[in-house]
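Letters A, B, ... are given to chains in the order of the sequence lines, protein chains preceding strands, and every chain is numbered from 1.
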Amino acid sequence: AQRVTQPEKLLSVFKGAPVELKCNYSYSGSPELFWYVQYSRQRLQLLLRHISRESIKGFTADLNKGETSFHLKKPFAQEEDSAMYYCALSYSGTYKYIFGTGTRLKVLA
Amino acid sequence: EPEVTQTPSHQVTQMGQEVILRCVPISNHLYFYWYRQILGQKVEFLVSFYNNEISEKSEIFDDQFSVERPDGSNFTLKIRSTKLEDSAMYFCASSEQGNQPQHFGDGTRLSIL
């Protein structure tokens with residue numbers, strides 16, 4: 001079955017340090033992958049979509065089909081990056097999203 | 001920027017009662033979704049809706065649940081005979097097309113007593 005794994009429940013980094021939020025997926029075909037962010041008391045917001053290959057708020061994510069990963073990276077964390085981050089998978093034949101359990105990022109001053 | 005809106009933000013209901021959760025999707029979106037998140041667990045897909053019918057549903061979405069688009073703007077989730085385990089955050093989402101990113105509402109926290 002299709003699955004998304006985010007191994008870290010909590011990731012704490014200092015301001016200015018690099019950040020990597022891990023996401024691995026289980027799907028044998030061509031996936032579509034997303035990162036959503038949820039700031040405190042706000043809604044889930046789309047951060048990145050792998051097919052867009054954009055950099056949003058300094059974050060990037062590259063799909064690695066060999067490792068079935070879609071890790072989220074930022075070279076220099078900011079305090080305002082503190083939030084809950086969810087990786088999500090969709091695939092051919094469905095429009096539903098399969099979410100990981102999320103990683104809470106805390107950026108310390 | 002247009003947003004998906006959900007009402008109420010918090011609903012408290014006695015076990016066995018029926019609840020209706022309401023959503024107003026973004027106006028030019030054609031695909032609508034419900035997800036739920038039990039406290040401490042992952043966001044889970046319930047159902048997708050397109051062209052006035054269910055296009056996909058999960059195993060969770062059994063006969064206790066139903067969805068409806070009663071008019072041109074609202075999209076509702078009805079839960080009959082609520083159980084304690086229905087307590088969760090329910091998120092509505094919409095997308096312009098099925099393969100476009102989904103936009104989520106703030107959620108409705110449902111508490112079953």
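For the pair B/Asn99 and A/Tyr95, the minimum side-chain heavy-atom distance is below 4.5 Å. Looking at B/Glu56 and A/Thr94, their side chains come closer than 4.5 Å, going by heavy atoms from C-beta outward. Taking 4.5 Å as the limit, every side-chain heavy atom of B/His103 sits out of range of all side-chain heavy atoms of A/Arg43. Residues A/Phe99 and B/Gln41 are not in side-chain contact: their nearest non-hydrogen atoms beyond the backbone lie 4.5 Å or more apart. Counting only heavy atoms from C-beta outward, the side chains of A/Lys96 and B/Ser48 never approach each other to under 4.5 Å.
If you measure heavy-atom distances from A/Gln45 to chain B, you find no contacts under 4.5 Å at all. Contacts between A/Leu44 and chain B at a heavy-atom distance below 4.5 Å involve backbone atoms as well as side-chain atoms. For B/Gln6, no part sits under 4.5 Å from any heavy atom of chain A, backbone or side chain. Neither the backbone nor the side chain of B/Tyr50 comes within less than 4.5 Å of any heavy atom of chain A. Looking at B/Gln97, there are no atoms closer than 4.5 Å to chain A (heavy atoms on both sides), in backbone or side chain.
B/Met89 and B/Leu46 fall into different hydrophobic clusters, where Ile, Leu, Val, Met, Phe, Trp and Tyr are joined by side-chain heavy atoms under 4.5 Å apart, directly or via other members. Cluster membership for A/Phe34 and A/Leu63, using ILVMFWY side-chain heavy atoms within less than 4.5 angstrom, is not shared. Criterion: ILVMFWY side-chain heavy atoms under 4.5 Å apart, direct or through other members. Under it, B/Val12 and B/Leu21 are not part of a common hydrophobic cluster. The cluster map of Ile, Leu, Val, Met, Phe, Trp and Tyr, joined by side-chain heavy atoms under 4.5 Å apart, puts A/Leu108 and A/Leu21 in different clusters. No continuous path of hydrophobic side-chain contacts links A/Ile98 to B/Phe91 [ILVMFWY only; heavy atoms under 4.5 Å].
Around the CD atom of B/Glu85, the shell of radius 6.0 Å holds more than 12 heavy atoms that belong to other residues, nucleotides or ligands. Heavy-atom neighbours of B/Arg69 CZ from other residues, nucleotides or ligands within 6.0 Å: above the threshold of 12. In this structure, B/Asp71 places its CG atom where more than 12 heavy-atom neighbours from other residues, nucleotides or ligands lie under 6.0 Å away. Atom CG of B/Leu113 sits in a crowded spot, with more than 12 heavy atoms from other residues, nucleotides or ligands closer than 6.0 Å.
The two residues A/Arg49 and B/Pro101 come nearest to each other via the heavy atoms NH1-CD, 3.4 Å.
Ring geometry for A/Tyr97 against B/Tyr35 counts as tilted: the plane angle lies between 30° and 60°, on a 0 to 90° scale.
To the nearest 0.5 Å, atom CG of residue A/Leu46 and atom CD of residue B/Gln100 are 10.5 Å apart.
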